[in-house]
Asker: 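Dropping the structure in here first, questions after.
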Amino acid sequence: MLTDRREFLKGAAALGLAAAGLRSETPGAHIEILPDEPIGTIAPEIYGHFIEHLGGVIYDGVWVGPESKIPNVGGIRSGVVDALKAIHAPVIRWPGGCFADSYDWRDGVGAEADRKPRTDFWGGTEPNIFGTQEFLRFCDLTGAKPYLAANVRGLGAHAFDLWIEYCNSPAGSTEGARARGASGHPEPYDVRYWGVGNESWGCGGNFTPEEYATEFRRFTAWVPEYGKQLSLVASGPSDRDVAWTRELLHALAEKDTIGAAAGLSLHYYTWNLSGGRTNDWDQGKGDALNFSEFEWYELLSQGSVMDTLIRDHWAVMAESDPHHHIKLFVDEWGAWYRSGTELEPKTKYRLSQMLTLRDALLTGLTLDIFQRHADKVAMANAAQLINCLHSLMLAREDQFVLTPVYHAFRMYMPHMGARAVRTEFAASPVTYQRNGGAASLWGLAGSASVGGGNVTLTVVNPHATKAVEAEIVLRGGTLTGGRGEVLTSTDLHAHNDFQHPDAVHPERVAVNVSGGRLVHRFPPASVTALYLPMG
Ligand code: AHR
């Protein structure tokens with residue numbers, strides 16, 4: 001029987017391809033950066049994160065407890081805090097995911113004795129030790145802004161108002177402020193981003209778009225703002241479901257309530273590596289570590305669909321919101337492989353998976369897509385930060401490691417807050433065998449931004465074995481040199497684990513201008529960031 005992600009979530013209540021020796025050159029590629037054709041400012045929030053009460057994400061991932069021997073700040077794992085500070089993490093979404101629509105925030109505030117263990121969405125018991133005040137302290141420690149997801153399926157609009165009151169009302173002004181003060185934080189947290197439900201078409205209530213529009217209006221008709229405008233995010237579509245987008249926005253427009261939503265969420269996981277053989281949620285997934293060259297290309301090709309999704313949903317949004325008041329919040333994205341590479345024990349670290357060089361390329365190409373749509377995408381959150389699907393970190397007890405995904409995030413940092421500019425890539429496409437037929441994938445892709453007198457150019461070379469040499473031109477300006485970093489390996493399956501924490505790491509690369517031309521060689525299977533002063 002065919003299963004899909006929705007069904008899965010309901011139920012959830014080597015090939016050795018060493019490239020050494022196979023390298024060859026494909027000269028003739030061309031990259032042209034057009035600084036006079038700005039796309040928009042790159043919202044730092046597209047470098048956002050997501051943590052959910054699921055498997056080992058919160059407990060043992062972020063939270064180790066104040067009594068732990070593992071270095072921590074008031075119970076929060078120091079390694080995670082330090083790593084997030086180093087990449088200037090802009091925003092973190094919490095508490096879910098599907099968990100959000102089964103969560104009562106009131107069970108997780110106050111003194112330890114007031115915390116109430118509850119059955120959670122994923123079939124375990126949520127101890128409620130990590131709640132609103134711990135999450136907001138985590139944000140304070142890392143410098144990230146909080147993005148809270150409200151329970152629309154199970155709690156009413158009034159409980160939502162009270163949560164906002166707890167977080168944002170001025171010191172001493174309300175019962176919420178008193179409770180917050182009693183927990184040691186008299187001053188308001190000023191939480192600006194609020195998600196109104198999660199996947200409301202599925203685990204968040206199985207609503208139709210019209211039903212959800214009614215709930216969205218109920219939740220947002222009045223919210224306490226305490227003098228600061230909130231950004232309320234409507235629960236949006238999954239993947240290609242433009243019908244949800246169209247009908248939801250249509251229903252909001254009918255009651256003249258488009259203005260209530262600052263964002264529409266979009267969720268897209270890259271999971272189907274079957275090459276079109278099946279759409280079955282279980283059968284279609286591939287292995288995180290043990291994959292063929294075909295699956296390498298298929299993941300990158302499926303990941304590239306993000307570009308089409310953004311364009312398609314944006315076009316449909318314009319039907320009801322022609323001035324694009326509502327922006328896209330891609331608040332769950334990343335690779336989702338089949339079970340098999342979890343941290344042990346699997347039952348504890350549910351949905352954890354290994355992340356390889358392939359996932360660093362997926363990260364790079366996805367961030368590049370967001371940047372090419374800087375006018376449309378206001379936030380994005382990789383799912384999820386630690387011990388989960390597209391994770392930047394893995395932790396088990398006192399062991400901790402940064403994945404290749406983390407390194408790609410770090411390399412792309414100079415784009416944050418810069419001005420995305422149109423950039424043209426011309427390179428021969430990659431061709432590969434897809435279930436007996438020929439398939440092709442772009443040969444080089446990336447994005448460029450301008451800020452502080454510099455151009456940052458990020459480029460993914462998806463070819464498993466061939467380097468690509470490209471001339472890079474700045475239209476109307478001169479490139480005089482610069483510096484660069486590359487993330488690659490001769491093994492497509494290279495990954496960092498607790499025994500080999502540094503197997504994949506960025507290396508510096510020279511940026512050479514000779515005879516007035518900047519020509520750069522992008523190695524096979526690589527993510528490159530070039531930081532170029534503008535002449
Ligand atoms: O990230 C894992 C799950 O995927 C989330 O809980 C849910 O929102 C999505 O379907």
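For ligands, and for the atoms within them, numbers begin at 1 and follow the listed sequence. Note that this is a predicted model, so its numbers are computed, not measured.
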Asker: With a cut-off of 4.0 Å, which atoms of ligand 1 are near a heavy atom of Trp122?
Answerer: 6 (O)
Asker: Hey, do the aromatic rings of Tyr269 and Trp281 have their centres closer than 6.0 Å?
Answerer: no
Asker: Is the distance between the ring centroids of Trp336 and His390 less than 6.0 Å?
Answerer: no
Asker: Which of the atoms of ligand 1 are close to Glu199, meaning less than 4.0 Å from one of its heavy atoms?
Answerer: 7 (C), 8 (O), 9 (C), 10 (O)
Asker: Which of the atoms of ligand 1 are close to Asn198, meaning less than 4.0 Å from one of its heavy atoms?
Answerer: 8 (O)
Asker: For the ring pair Tyr268 and His313, is the centre-to-centre distance below 6.0 Å?
Answerer: no
Asker: Do Phe160 and Leu232 come within less than 4.5 Å of each other through their side chains, counting heavy atoms only?
Answerer: yes
Asker: Within ligand 1, which atoms have a heavy atom of Gly97 less than 4.0 Å away?
Answerer: 5 (C), 6 (O), 8 (O)
Asker: Say whether Tyr269 and ligand 1 are in contact under the criterion: heavy-atom distance to a ligand atom below 4.0 Å.
Answerer: yes
Asker: With heavy atoms of Cys98 as the reference, note each atom of ligand 1 found under 4.0 Å away.
Answerer: 5 (C), 6 (O), 7 (C), 8 (O)
Asker: With a cutoff of 4.0 Å, is Trp336 in contact with ligand 1, counting heavy atoms of the residue only?
Answerer: yes
Asker: Please find out if less than 6.0 Å separates the ring center of Trp94 from that of Phe138.
Answerer: no
